[in-house]
Each structure stands twice: as C-alpha cells, then as structure tokens.
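Convention: sequence-line order gives letters A, B, ...; per-chain numbering from 1.
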2 protein chains.
Amino acid sequence: MRTLRREPTERTPVWLMRQAGRYLPEYAAVRRGHAFEDFCKRPDLSAQVTLEAQAILGVDAAILFADLPTILEPLGFTLTYDPGPVIGNPARSAADVDAVKEVEDTSALGFVYDTVRAVRKQLPADIPLLGFGGCPFTLASYAIEGGSSRHYEHTKRLMYGDPDRWHAFLGKIGRAVAVHLRRQLAEGCQAVQIFDSWAGALSPGDYRRFVLPHTKALVEAVRPHGPVINFLTGNPALLPALAECGADCVGLDWRVDLADGWATVGHDVAIQGNLDPTALYAPLPELKRQTAAVLEGAAGRPGHIFNLGHGLLPTHDAEAVKGLVKLVADLSAR
Amino acid sequence: MRTLRREPTERTPVWLMRQAGRYLPEYAAVRRGHAFEDFCKRPDLSAQVTLEAQAILGVDAAILFADLPTILEPLGFTLTYDPGPVIGNPARSAADVDAVKEVEDTSALGFVYDTVRAVRKQLPADIPLLGFGGCPFTLASYAIEGGSSRHYEHTKRLMYGDPDRWHAFLGKIGRAVAVHLRRQLAEGCQAVQIFDSWAGALSPGDYRRFVLPHTKALVEAVRPHGPVINFLTGNPALLPALAECGADCVGLDWRVDLADGWATVGHDVAIQGNLDPTALYAPLPELKRQTAAVLEGAAGRPGHIFNLGHGLLPTHDAEAVKGLVKLVADLSAR
C-alpha cells in the first residue's frame with residue numbers, strides 16, 4: 001500500500017497475477033471435482049484458494065480469486081465455461097446492445113462480496129486484499145464475440161460502424177464495473193486491479209477514441225474509494241494513452257523495458273511488473289539475471305511493485321514461483 | 001521499387017499482405033479440392049493465385065504465394081497442415097536441435113522457384129514480384145513448439161536454458177532462409193519480405209540478445225541481391241531494435257501510429273503499413289477516414305508503401321478490399 005502511494009519501503013513488494021492458479025498443487029486439489037462456474041460462485045472455496053496462495057508464496061498481497069466476465073451476468077448476458085468463458089447470448093445486433101441493462105446494484109454478485117469478507121476475516125491485518133475487475137473494452141469484446149477472440153471482428157464492426165451505440169454500451173459496462181469495484185472496496189478490499197486483457201488489439205488512435213474515455217471514467221469513479229491498478233497487455237504503444245486514465249498504478253506487460261515503460265507513463269504513477277512469465281521456465285541463474293534486470297529498471301525508485309508481465313501458467317513449477325518471491329526479497333533489500 | 005529506394009512517386013504504392021487469400025472468390029475456387037500442402041507445392045496453382053490477386057486488385061506488386069514454414073523441410077522437419085502447420089518431429093531435446101541440418105542448397109524447394117519463374121513469365125514487366133520468407137525466431141518457434149503457440153514455453157526453455165545451442169539453431173535457420181531468398185531473387189523476384197510473426201512475444205532485451213543477431217545476419221546476406229522488407233507483428237517496443245537489422249523497409253503492424261513508428265525506425269528507411277485489417281469491416285466513410293489517417297501519418301514523405309498492419313482475413317469482403325486499393329490511389333495522388 002505504501003508502494004501504491006510511492007512511499008519508500010525496505011524492499012520491493014511482490015505479488016503475482018493469477019497467483020491462485022493451476023500451477024499450485026494446493027489450488028488444484030481444491031479445484032478438483034468442481035466445474036469452474038460453481039467454483040467461482042463458492043465463497044468458501046474462492047476464499048480458501050485466495051488465502052492459501054498468499055500464505056504459501058509469502059507474497060505481499062492476497063488477490064481475490066474471481067473471474068473477469070462475471071460482471072456480464074447482471075448486465076444481461078448468460079455465462080458458462082467450456083473451458084474458457086462462453087456468452088450464450090452475444091450482443092450482435094443493435095437491439096441486443098440496446099437491451100443491455102444499466103446496473104445500479106451488483107448484489108447478484110453477492111458470492112464475490114462474501115468471498116471478500118471471508119478472506120478479510122482470516123487474512124493477517126497487515127496484508128492487503130486486492131479486488132478484481134475487467135476494463136470496458138475487454139468485457140465488451142467478450143460480450144460481443146461470445147468468448148475470447150483472435151481478430152475481434154464483431155467488436156470492431158460495432159465500434160467502427162455504430163460509434164454512438166458502442167459508446168452507450170461501454171458506458172453501461174464501465175458503470176457496472178465501477179459499482180462492483182466500489183462494493184469490493186467497501187466489503188474489505190484495500191485496492192483493486194482492472195484488466196484490459198484484449199485491448200492490445202487496438203491501435204493508439206482507436207484506443208483513444210473508443211476506449212480511453214470509458215476506462216478513465218471507471219478509474220475516476222473508483223479512485224475516491226481506493227487505489228486502482230490498471231493493467232493492459234499486448235501493446236506498449238498504448239502506454240501514453242493509458243497513462244491518461246489516471247490510475248494510481250499502471251501494470252506493464254513484459255513486452256516493454258520497465259525503465260522505458262515507467263518513463264512513458266510518468267514517474268508520478270506507481271508501476272507493477274514486468275518479468276516475462278516464461279522466465280520461470282529458465283534455470284535459476286537466468287531467472288535471477290532477469291529478475292535483477294527488472295529491479296534495475298526500477299532503479300530503487302519508490303513505487304515499484306514486482307510482478308510478472310502476465311499471469312502464472314498451469315505448467316509453471318510451484319517451487320520456481322516460490323523461489324522467485326524469495327529472489328525479489330533478497331535482491332531488492334535496501 | 002522506387003518507394004523502396006525512397007524516391008518520390010506520383011502516388012503511394014499499395015499491396016496487401018495475404019492478398020492471395022480465402023476472402024477472394026477466385027482464390028477459393030482454385031484452392032477448392034486441394035489439400036493445402038499439395039496446393040503450396042503445385043507451381044501452376046500457386047502462380048495462378050499470385051497473378052490473379054495482383055490483377056484483380058490492381059495492386060503495385062504480386063506477392064509470391066508460398067508458406068512460411070516450408071523452409072523447415074530441408075532443415076530436417078516434417079511438415080503437414082491441420083489446418084495450420086504441424087511439425088511431426090519438433091525439436092525438443094539437445095539431440096533434436098543438434099540434428100538440424102546445415103542447408104547449403106534449397107533445390108528441394110524447387111516448386112517455389114518454379115512458381116517464381118511461372119509468375120515472372122506472365123506478370124507485366126512493370127510489376128515487381130515479392131519473394132517470401134520467415135525470420136529465424138518465428139521459424140524456430142514453429143520447429144520447437146510443433147506448430148503455432150500461445151506462450152512459446154518450449155522455445156523459451158531452449159532460449160533461456162541453453163543459449164549456445166539456441167544460437168547455433170537460429171544460425172542454421174537464418175542461413176537456410178538466406179539461401180532460399182537469394183534463390184527467389186535469382187529466379188525472378190525483385191524484392192523479398194521476411195516475416196517475424198511470433199517475435200512480438202519477446203521483450204526488447206530478449207529480442208536483442210536472442211534474435212536480432214540472426215535477423216541482422218539474414219538481412220545482410222540477402223540485401224546485396226535485392227531489397228528486403230522486414231515485418232514483425234505484436235510488439236511496437238521492438239521497433240528500435242528491429243531498425244538495427246538494416247532492412248530497406250520495415251513493415252509496421254497497426255498497433256503503432258505510422259508517424260511514431262517511422263520516426264522510431266528512422267526516416268532513412270522505407271516503411272510499409274499499417275491500416276488495421278478490421279477497418280475493412282467498417283462502413284466506407286470510416287474506412288476512408290482511417291485510410292486517410294495512415295496516409296497523413298506518412299505526410300507524403302517518399303518511402304511509404306501502403307499496406308495493412310496484418311494479413312487479409314477470410315471474412316473480408318473482396319469488394320471492400322478492391323475499394324481500399326482505389327481509395328489509396330485517390331487519396332494519395334500528388
């Protein structure tokens with residue numbers, strides 16, 4: 001939390017995207033025997049994997065176990081998994097888009113807030129809990145394509161073909177996410193992270209025109225309630241525009257040098273990142289070299305949270321991940 | 001060709017990546033009834049689709065219809081399609097990598113050179129024919145993963161875990177591609193394009209350490225024989241390093257503003273790009289707006305070839321593509 005305020009700390013804090021994930025045998029054991037949608041909606045199980053990942057790795061924050069497209073349900077979409085998210089009623093026509101609901105209350109996602117409370121009850125008081133939400137573009141592309149996508153054909157058809165309807169749609173999504181994140185903060189999260197996992201498919205001009213106003217409005221609506229970390233992956237050329245969203249912290253993926261990325265978003269913002277997740281497949285000396293390079297990029301400037309440049313992968317080795325957390329502590333001790 | 005030399009022209013030249021592709025009914029008609037591997041190895045059919053695409057669209061170059069992983073066969077890999085390329089014997093162990101052949105002669109790919117000669121015989125003399133090859137990283141990742149990949153786990157294991165063997169492997173690949181491209185130029189191509197389709201998964205540091213020396217060596221080996229266009233997609237932060245490869249022209253994907261991208265690679269190099277391919281799904285006024293924006297980014301400076309930022313897609317509308325070619329001619333007339 002001090003790092004999010006860019007205050008000096010005795011070492012660089014560290015947490016890892018998707019730290020509660022399949023690479024962790026303890027997670028796999030809890031997950032076994034539950035369909036993913038049921039698992040997400042079981043606060044006892046979600047709380048357990050959230051807490052265990054923090055305790056096992058010894059990282060500086062617990063990250064709420066929740067799934068990004070969940071918010072699409074109160075907006076009027078049906079969500080299943082096969083194994084990735086599948087939207088049963090993707091918004092393809094003007095009427096589909098117009099039918100999307102304005103969400104004033106997200107109590108339908110009570111299982112998420114139950115998880116927040118359950119985690120907060122058991123988590124040590126000095127460990128923050130990070131909430132979790134999607135950015136308007138990424139959620140819109142799920143809702144329009146019906147799942148993940150390679151070329152975002154339908155999304156861009158709406159964006160280019162009917163910009164007024166596009167903006168109305170993203171406004172509704174962004175406001176719903178804001179309600180959801182404020183509620184997570186009210187229920188016990190100390191900060192929230194928002195993910196624009198698919199926005200790397202946009203040119204800088206399109207990001208500014210079609211996405212930035214909505215992500216900015218989302219950040220503005222949430223920030224009075226707690227710090228916001230904004231993570232976008234897949235296109236370093238969007239960083240100058242991303243910086244204008246006004247988040248407390250920008251998450252960098254590994255495609256950019258940390259020093260360059262931080263200079264681009266500005267040193268008046270904290271930064272999170274950005275080791276290439278595949279460095280965890282490397283022998284220890286190489287992992288150490290790359291970890292040191294990330295820390296050197298930050299040059300000891302207050303405001304750097306060590307993280308990967310993307311989520312942990314199922315094929316990662318839990319022992320290597322634990323080793324990384326120790327490595328960051330050792331190498332960054334001041 | 002004048003644009004590749006950065007000489008002034010009466011309008012901006014245009015050609016389109018994957019212009020001979022499934023979106024084109026004439027291509028689909030020729031392709032029908034042939035397995036992709038047979039189609040690629042039939043010079044009569046490859047020449048036909050190469051020529052037809054140029055003639056139907058009225059673009060300023062014919063682009064050799066060929067597939068990127070073909071070169072892996074003389075290197076010792078087995079290649080089939082399902083529907084994407086599948087390597088039957090991916091290089092996973094040290095012994096696999098050591099067994100890769102040094103290719104001094106690419107006559108095994110005679111069907112490609114037959115296609116070059118067949119096209120050149122029928123193509124108008126004032127239309128250049130562009131040859132086609134893969135960059136060392138992209139080919140290595142096909143050879144190691146056994147096909148396309150999401151996280152390049154095995155590729156990066158070798159790269160980080162055994163850098164000497166990695167460099168030996170990429171050296172062999174790069175030299176084979178150089179032989180193949182020089183032969184294409186000798187048989188009748190006027191310039192060649194090299195594609196690093198997967199290198200966007202690399203950080204700038206990794207690109208410099210593990211890839212740049214090999215792409216640079218490839219460009220140096222080919223350039224005395226004809227101009228080289230170097231295209232990489234997926235990471236604008238690699239452009240400063242890419243510029244050091246020494247190609248005559250750098251292809252930009254749509255993730256970067258053309259003006260920024262050109263400034264980054266330097267105005268002493270020609271540029272190709274970079275309309276978002278999905279702009280072709282937009283209504284005409286929006287397509288026109290985006291096309292004009294790309295041309296404005298080039299600011300009439302000699303050395304800009306109009307292209308998409310990625311290949312044409314099967315769901316594109318052939319009439320829209322033809323319209324785009326005319327639009328570029330109209331909007332860029334000086």
Side-chain angles (χ1 to χ4, degrees), chain A residues 150-163 199-209 234-241 252-261 264 274-287 289-290 293-294 297 309-311 313-316, chain B residues 150-163 199-209 234-241 252-261 264 274-287 289-290 293-294 297 309-311 313-316:
Chain A
R150 193 159 165 214
H151 299 295
Y152 308 93
E153 177 183 333
H154 301 287
T155 307
K156 289 186 177 181
R157 278 186 197 275
L158 177 66
M159 195 171 95
Y160 295 143
D162 196 348
L202 295 168
S203 69
D206 282 354
Y207 182 82
R208 276 187 190 282
R209 241 173 109 199
N235 188 358
L238 299 183
L239 287 173
L252 298 177
D253 80 6
W254 76 93
R255 288 178 181 81
V256 64
D257 277 327
L258 187 133
D260 292 342
T264 302
N274 78 340
L275 183 74
D276 185 337
T278 61
L280 283 162
Y281 300 127
L284 189 61
E286 174 64 21
L287 175 63
R289 202 197 62 77
Q290 293 198 33
V294 168
H310 204 274
L313 300 169
T315 53
H316 278 137
Chain B
R150 194 160 164 214
H151 300 295
Y152 307 94
E153 177 183 333
H154 300 288
T155 308
K156 289 187 176 179
R157 278 186 196 274
L158 178 66
M159 194 171 95
Y160 295 144
D162 195 348
L202 295 168
S203 69
D206 283 353
Y207 182 82
R208 276 188 189 280
R209 239 173 110 201
N235 188 358
L238 299 183
L239 287 173
L252 298 177
D253 80 6
W254 75 94
R255 288 178 182 80
V256 64
D257 277 327
L258 187 133
D260 292 342
T264 301
N274 76 341
L275 183 74
D276 186 338
T278 62
L280 283 161
Y281 300 127
L284 188 62
E286 174 64 19
L287 175 63
R289 201 198 62 77
Q290 293 198 33
V294 168
H310 204 274
L313 300 169
T315 53
H316 278 137

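When all heavy atoms are compared, the tightest approach of B/Pro236 to A/Asn235 is CG-OD1, 3.2 Å.
We find the CG-OG distance between B/Asp253 and A/Ser203 to be 10.0 Å, quoted to the nearest 0.5 Å. Taken from OH in B/Tyr160 to CG in A/Asp276, the straight-line distance is 4.0 Å, to the nearest 0.5 Å. Residue B/Glu153 holds its CD atom at 9.0 Å from OG1 of A/Thr278, rounded to the nearest 0.5 Å. Put simply, CZ on A/Arg255 and CG on B/Leu238 are 9.5 Å apart, with the number rounded to the nearest 0.5 Å. Atoms CZ and OH, on A/Arg157 and B/Tyr281 in that order, are 6.0 Å from each other to the nearest 0.5 Å.
In this structure, the salt bridge (Lys or Arg N to Asp or Glu O under 4.0 Å) partners of B/Asp162, at least two apart in sequence or on a different chain, are B/Arg165. Residues meeting the side chain to side chain contact (heavy atoms under 4.5 Å, CB included) test with A/Arg209, sequence neighbours left out: A/Asp206, B/Glu286, B/Arg289.
Looking at A/Leu313, the atoms closer than 4.5 Å to chain B (heavy atoms on both sides) all sit in the side chain, from C-beta outward.
Counting heavy-atom pairs closer than 4.5 Å to chain B, the top-ranked of the candidates A/His310, A/Met159, A/Gln290 is A/Gln290. Chain A forms the most heavy-atom pairs under 4.5 Å with one residue out of B/Leu287, B/Leu202, B/Leu239, B/Asn274, and that residue is B/Leu202.
The main-chain N or O of B/Pro204 is never found under 3.5 Å from a side-chain atom of A/Trp254 such that the two would form a donor-acceptor pair.
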